[in-house]
Amino acid sequence: MPPTHITILGGGITGLSSALHLSRRYPSSLITLLEKSPRFGGWIRSERVQVSSPNTSKKIGQHNENETNSASVVLEYGPRTLRPNSKAVLELINLLSLSTSLITIPRSHPSAQNRFLQVSGTQGLTKLPSSLLSFLTSPLLWPVLRELAFRPPNRRIQGVEDDESVHSFLSRRFGETFARRYGSALVHGIYAADSRILSVRAAFPTLWDAESRGFGSVGRGVLFGAFGVGKSSGEERYELGSIEEKMKGVSVYSFRDGMETLVQALVRDLEGMKNVRLVKDVEVTSVRPIEEDKSFEITTCSQPMHRTTHIFSTLPLSTLHHLLPPSSPLPLAHLQANPSSNVRVINLVFPPTDKKILPDGFGYLIPRPEAGYPAAGEGHEGELGMLGVVFDSCSLGAQDYSLPQSSSSSSHSTSPSQFTKLTIMQGGPYPLSPSPTPLASLLRTLSSHLPSLPDPVLVKSHTHMACIPTPTPGHTKRMEELKGALRVWQGGRFEVGGAGVGGVSLGDCVLAGKVAGAAWD
Ligand SMILES: Cc1cc2nc3c(=O)[nH]c(=O)nc-3n(C[C@H](O)[C@H](O)[C@H](O)COP(=O)(O)OP(=O)(O)OC[C@H]3O[C@@H](n4cnc5c(N)ncnc54)[C@H](O)[C@@H]3O)c2cc1C
């Protein structure tokens, strides 16, 4: 029997994706999605803004005060790029007919080839190797050769059979310096977290598995993986249309009007379905199981009591912990085991100049300082708690276009924008000051990495509290235990998914929505 009434808690990408897939899987079930904020999409948020600056590109003496450069520019306040390896997202794009809105960045593009590190205490940026030749002459060569040739002690010998931190894993295999410099920077870029507390098994399962696949060597495991040795084939089936073909040779992609395109298309589609109800501005305050018929009573801050037969929760696990009765037979402590990161996203737009102000590339990451992170109140003068900087114009410049000189002009320009946009990520393991960083300090620090920056024409700052969960060692096992307990509680009618449960990437979240409730009929 299909479920009578499914309630989805949370309207981020996991909740919206699950609403679409559940409505397709169970067309006769009523589906209600409850979202506490006044908008859907969770951390996905894009904005198209207009920017202007005086036109100074003419020779001195000929500068016309009335002439301005203007452009329409897309800013991302949350996620900005997707990788084509997530079939779940590609399927969504196909189902929502979004392929004409895509912006794809080929693997040969400079933003796919060039990534940089900014090593604390040094000026400028260090390019990471992007080809075999550059790898052979880079400082990465020796740690990797050492790992391949000398087979550092197997994890079982080291007593870390179940899990360990990313830092401990990389130090064990490639040495402490490699782990701090490259591992911590990578973790800053994806999780905005401290690599010393992030679970390698949860965050980088392929790396963890590579150690077993490579018979004790991660390097060999990765090589074998590349040739398909020991790879399990995915079990899910996807409706991809011609989208996979379009993604051949693509490194990353987004949408012409930003990542929120995906959310808007999902909401439009779901609002057109008779069996789906999307409700926003409603905060769920408790979930009570009803023993007799294995259903649930949901209390919200503003609506009458809500009765439902099945629940898919995409809420942060720590929020869910407060909603469930303490008497439930679930391992509730697992819901509170992980911290999450606060991140400040600062978008800057710079005016057109005659000089090139950014190197061609995706951006740069900043490793953990050698002395570790400062404690709250200690200040972090040097890099201002910066985790990394994304050169949005290089990868996503196709989102932006020049606007005609004056509003009286009727021609619609589609020429590329001459403005440069970039995004600074701050926070994570660094304490965040309650007030935004003063612009002067920000620009001073940025100029020590990127010396040719002019003054920006636009600065936007958003502080996201508890926005990216940090799965700590043991997370995978804890989630297996939680899911095992949920399978028997209330007849298995309550499931959990989303960034706090599986991976944090949009691909992981959309997949969690696709597989939600698969066992409910
Ligand atoms: C700054 C930033 C940059 C990122 N960059 C990338 C990137 O480039 N690529 C990538 O793949 N991923 C990226 N991510 C990660 C990715 O965006 C997130 O992991 C993903 O959006 C999480 O989706 P979710 O639906 O699981 O959770 P959320 O987006 O957190 O959605 C949960 C929803 O539940 C709602 N909610 C909470 N409590 C209640 C309640 N009591 N009642 C009702 N509703 C409630 C919230 O309002 C929210 O809308 C980034 C994340 C951040 C923060």
Side-chain angles (χ1 to χ4, degrees), residues 115-129 138-140 142-144 147 152 160 163-204 207-208 218 338-346 361-390 423-433 437 441-442 444-446 448-450 463-464 466-473 475 504:
R115 284 159 199 263
F116 301 89
L117 274 194
Q118 205 293 318
V119 181
S120 181
T122 65
Q123 296 276 312
L125 305 177
T126 308
K127 187 172 172 299
L128 290 168
S138 79
L140 287 171
W142 172 238
V144 172
E147 205 270 348
V160 284
D163 202 355
E164 63 186 314
S165 75
V166 173
H167 179 79
S168 135
F169 178 89
L170 292 177
S171 301
R172 193 160 57 74
R173 313 297 318 178
F174 301 102
E176 174 86 15
T177 308
F178 179 97
R180 189 186 62 76
R181 184 162 290 185
Y182 302 104
S184 74
L186 179 71
V187 168
H188 283 171
I190 303 174
Y191 280 85
D194 182 346
S195 60
R196 295 170 300 182
I197 61 162
L198 180 71
S199 152
V200 67
R201 193 172 169 192
F204 301 106
L207 211 55
W208 177 259
V218 174
N338 294 331
S340 43
S341 294
N342 305 326
V343 178
R344 185 165 291 145
V345 178
I346 306 169
F362 191 81
Y364 61 92
L365 292 169
I366 306 177
R368 180 176 68 243
E370 231 167 313
Y373 302 105
E378 256 178 36
H380 32 81
E381 291 310 311
E383 310 306 337
L384 301 172
M386 278 167 57
L387 303 167
V389 175
V390 187
T423 307
I424 301 173
M425 303 284 178
Q426 262 184 325
Y430 293 95
L432 268 182
S433 61
T437 315
S441 332
L442 205 60
R444 211 174 23 251
T445 300
L446 210 52
S448 70
H449 310 158
L450 304 163
T463 304
H464 303 316
C467 63
I468 309 183
T470 307
T472 54
H475 176 78
V504 299

Problem set entry | Arg180: salt bridge (charged side-chain N to carboxylate O under 4.0 Å, His left out) partners, not counting sequence neighbours | Glu370

Problem set entry | Non-hydrogen side-chain atoms of Val389 and Met425 separated by less than 4.5 Å | no

Problem set entry | Non-hydrogen atoms of Gly427 and Leu387 that approach each other most closely | O-CD2, 3.5 Å

Exercise. Is the backbone N or O of Ser433 less than 3.5 Å from a side-chain atom of Arg344, with the two atoms forming a donor-acceptor pair by type?
Worked result: yes

For this session: Evaluate the side chain to side chain contact (heavy atoms under 4.5 Å, CB included) criterion for residues Arg201 and Glu164: first the C-alpha distance (whole Å), next the side-chain angles of each, then the deciding distance (0.1 Å), finally the verdict.
Result: CA-CA 7 Å; Arg201 193 172 169 192; Glu164 63 186 314; over 6 Å; no

Exercise. Does Ile197 reach the side chain of Pro429, with side-chain heavy atoms less than 4.5 Å apart?
Worked result: no

Exercise. Would a 4.5 Å heavy-atom cut-off, applied to side chains only, mark Pro473 and Phe169 as touching?
Worked result: no

For this session: Measure across Thr472 and Asp163 and return the closest heavy-atom pair with its distance rounded to 0.1 Å.
Result: O-OD2, 4.4 Å

Exercise. What pairs with His464 under side-chain hydrogen bond (donor to acceptor under 3.5 Å, both in side chains), at least two apart in sequence or on another chain?
Worked result: none

For this session: Hey, could you give me the CG/CG distance between Leu117 and Leu186, rounded to the nearest 0.5 Å?
Result: 10.0 Å

For this session: Give the minimum heavy-atom separation between Phe116 and Lys127, together with the two atoms involved.
Result: CD2-CA, 3.6 Å

Problem set entry | Leu128 and Tyr182: CA distance, side-chain angles, deciding distance, side chain to side chain contact (heavy atoms under 4.5 Å, CB included) verdict | CA-CA 10 Å; Leu128 290 168; Tyr182 302 104; 3.6 Å; yes

Exercise. Counting distance only, does the side-chain N/O of Gln118 pair as donor-acceptor with the main-chain N or O of Gly124 below 3.5 Å?
Worked result: yes

For this session: Measure the spacing between CG of Leu198 and OG of Ser184 and express it to the nearest 0.5 Å.
Result: 11.5 Å

For this session: Identify the two heavy atoms, one from Thr445 and one from Met386, that lie closest to each other, and give their separation to 0.1 Å.
Result: CG2-SD, 3.9 Å

Problem set entry | Spacing of Leu450 atom CG and Ser448 atom OG [to the nearest 0.5 Å] | 8.5 Å

Exercise. Which atoms form the tightest heavy-atom contact between Ser168 and Ser165, and what is the distance?
Worked result: N-OG, 2.9 Å

For this session: Could you tell me how the ring of His449 sits relative to the ring of Tyr364: parallel (under 30°), tilted (30 to 60°) or perpendicular (over 60°)?
Result: perpendicular

Exercise. So, Gln426 side chain and Leu384 main chain: donor-acceptor pair closer than 3.5 Å or not?
Worked result: yes

Seminar exercise, completed: Here the gap from Leu442 atom CG to Ile346 atom CD1, rounded to the nearest 0.5 Å, amounts to 4.5 Å

For residues 188-195, dump all side-chain donor-acceptor pairs below 3.5 Å to protein atoms at least two apart in sequence or in another chain.
unit_1	atom_1	unit_2	atom_2	d
His188	ND1	Ile366	O	2.6
His188	NE2	Tyr373	OH	2.7
Asp194	OD1	Arg196	N	2.9
Asp194	OD1	Arg196	NE	3.1
Asp194	OD2	Arg196	NE	3.3
Asp194	OD2	Arg196	NH2	3.0
Ser195	OG	Arg368	NH1	3.1

Problem set entry | Contact summary for Cys467 and Val343, nearest pair of heavy atoms | SG-CG2, 3.6 Å

